[in-house]
Amino acid sequence: MSNTKQKIVTAVVTLAVAAGVGHVTQYGLSGLGSASAVSTTPVEDDGFTPIPTRTDNMLLKVRQPVFPAPTSDTLRHDVPGLAAPLREALHLPAHAPIRISAPVFAPDRPPSDAEINLNGFGIACRTEHSVSAELGGVIRLRVTSACAPGARVDVTHAGLSFSGLTDAQGLFDTAIPAMTEAAEITYRIEGGAPVTAEIDVPDASAFTRVALAWGAGADLSLHALEFGAGPGSAGHVALGRRATVDTAGRVVRLGDPAIEDSGQVEIYSFPAGRARSGTIRLAAAVRVTEATCGNPIDLVSLQRAGDGIPLERRHTVPLPGCADVGDILVLKNILDDLKIAGN
């Protein structure tokens, strides 16, 4: 091919590409469906400002994109394949038409969080649940509801019920000492349906556990005196008491006292297989308050029996009158002492 013919072919292809770009910019690719996209007609001046470029390059006319007015919640647009002459000139493969769908919002304002379903932190509004077994024979429950901060979560395990609240990010995260290896837990977030999960907790067999549960308004605590320890001594285990080299057990509390009708649960865990043997004395203590004075309170105790199945007992304890508000009563006959046989 001579140099003259090569210049003519190059000019035709260059104009074809420029015409195609003009159609893409203005009509979103829809103008490339016919053979007329390849043209040698010079571009007339139509008042649009060209992109600054070097003098040895062709000037491209730039148009503002034109979008059709939305008629529904979704804008759909069919993108046809390139016309055969242009496709062949550019050595591009053939493609089938493509349908593009995109959400449409009002052009005069940004979408609201409600429309795109995000909370104030930009997190998607959905509820997620996670139940897992962790070291130490505990059940880890995580409930996340990004658009429900401060929502109530009710939990029941082995007949023990308590409630908590999601935090500012909508997260409720708690660790529950499992009372059995084959554990079941039921939970419900405010406004949702109850969810029941069954989970194996193999490490639960490595602990001897005792639970004490009571209703809202009462003020109780669970105490363990390990191997002859006296009240207030190093071997006295209770909630808030610092563990020492002389203590092996631990007490945890479940339930948020800020919730008016939430149950409260305390669980004492003693690791099995300890070399030491002896007796652990257990007791419950109740403080007389203005809300409970002169009234009976209901308690539930849960202790593992010889067959490994927790034994549930229900108790009703009368409290003295309001003249004794502030007094603490020690209930020694609510829980059975533990007999520990060391290895």
Side-chain angles (χ1 to χ4, degrees), residues 128-144 153-164 171-188 195-213 221-227 229 235-256 263-282 284 300-313 335-343:
E128 298 178 344
H129 312 260
S130 173
V131 179
S132 60
E134 296 191 353
L135 293 176
V138 301
I139 304 168
R140 189 63 172 266
L141 171 63
R142 291 173 59 92
V143 180
T144 304
V153 181
D154 298 314
V155 184
T156 299
H157 165 60
L160 307 171
S161 298
F162 62 94
S163 302
L171 172 64
F172 176 77
D173 187 353
T174 188
I176 307 166
M179 299 301 295
T180 57
E181 293 88 350
E184 181 177 285
I185 180 172
T186 299
Y187 53 95
R188 174 185 177 274
V195 178
T196 298
E198 297 179 352
I199 184 171
D200 292 329
V201 190
D203 285 357
S205 60
F207 295 86
T208 298
R209 284 183 166 141
V210 178
L212 183 68
S221 55
L222 174 59
H223 299 259
L225 302 176
E226 298 181 348
F227 307 112
H236 179 185
V237 181
L239 184 69
R241 288 186 60 85
R242 181 177 299 178
T244 69
V245 294
D246 297 317
T247 60
R250 181 171 177 248
V251 173
V252 298
R253 175 174 287 192
L254 305 171
D256 189 344
Q264 303 286 297
V265 178
E266 284 195 358
I267 300 177
Y268 169 72
S269 300
F270 183 85
R274 305 283 294 191
R276 193 173 182 180
S277 61
T279 300
I280 299 177
R281 294 162 52 204
L282 298 173
V300 176
S301 63
L302 199 63
Q303 291 186 252
R304 180 174 295 194
D307 56 4
I309 300 176
L311 176 63
E312 180 183 299
R313 295 173 178 169
L335 302 168
D336 296 332
D337 292 342
L338 301 177
K339 305 296 182 180
I340 305 299
N343 292 337

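No experiment lies behind these values; they were computed from the predicted model shown. Any value given below was found using the heavy atoms of this structure, including those in side chains, with hydrogens, waters and symmetry copies removed. The first residue of the sequence shown is numbered 1, and numbering continues consecutively from there.
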With sequence neighbours left out, what residues match Arg241 under salt bridge (charged side-chain N to carboxylate O under 4.0 Å, His left out)?
none

Could I get the full list of salt bridge (charged side-chain N to carboxylate O under 4.0 Å, His left out) partners for Glu184, not counting sequence neighbours?
none

Walk me through whether Phe162 and Asp256 qualify under side chain to side chain contact (heavy atoms under 4.5 Å, CB included).
CA-CA 8 Å; Phe162 62 94; Asp256 189 344; over 6 Å; no

Heavy-atom side-chain contact between Val155 and Ile185 under 4.5 Å:
yes

Are Asp336 and Leu282 close enough that some pair of their side-chain heavy atoms sits under 4.5 Å apart?
no

Under the criterion side-chain hydrogen bond (donor to acceptor under 3.5 Å, both in side chains), I'd like the reasoning laid out for Ser269 against Arg209: C-alpha separation, chi angles, the key distance, then a yes or no.
CA-CA 5 Å; Ser269 300; Arg209 284 183 166 141; 2.7 Å; yes

Under the side-chain contact (heavy atoms from CB on, under 4.5 Å) test, which residues partner Glu312, sequence neighbours left out?
Val300, Leu302, Arg314

State the CZ-CG distance between Arg140 and Leu135, to the nearest 0.5 angstrom.
11.5 Å

Consider only side-chain N and O atoms of Asp337 and Thr279, and report whether a donor and an acceptor are under 3.5 Å apart.
no

Any side-chain donor paired with an acceptor under 3.5 Å for Ser301 and Arg313?
no

Sequence neighbours excluded and cut-off under 3.5 Å, please list the side-chain donor-acceptor pairs for residues 195-206, or say none.
from   : atom 1 : to     : atom 2 : distance (Å)
Thr196 : OG1    : Thr186 : OG1    : 3.0
Ser205 : OG     : Pro202 : O      : 2.9

What residues form a side-chain contact (heavy atoms from CB on, under 4.5 Å) with Val251, not counting sequence neighbours?
Val237, Leu239, Glu266, Tyr268

Separation between CZ of Arg281 and CG of Leu338, rounded to the nearest 0.5 Å:
12.5 Å

Flag side-chain contact, heavy atom, 4.5 Å: Thr180 against Pro310:
yes

Passing candidate, side-chain contact (heavy atoms from CB on, under 4.5 Å) with Ile176, options Val138, Leu254, Val265
Leu254

Do Leu222 and Ile267 come close enough that some side-chain heavy atom pair is under 4.5 Å?
no

For the atom pair OG (Ser161) and CD (Gln264), what is the distance rounded to the nearest 0.5 Å?
12.0 Å

Do Val252 and Pro177 touch side chain to side chain, with heavy atoms closer than 4.5 Å?
yes

Not counting sequence neighbours, which residues clear side-chain contact (heavy atoms from CB on, under 4.5 Å) with Leu171? List them please.
Arg142, Thr144, Asp167, Asp173

What one should report as the nearest heavy-atom pair of Glu226 and Ala248 is OE1-N, 2.9 Å

Rounded to the nearest 0.5 Å, what separates atom CD1 in Ile340 from atom CZ in Phe270?
5.0 Å

Within a strict 4.5 Å, meaning less than it, do heavy atoms of the Val131 and Tyr187 side chains meet?
yes

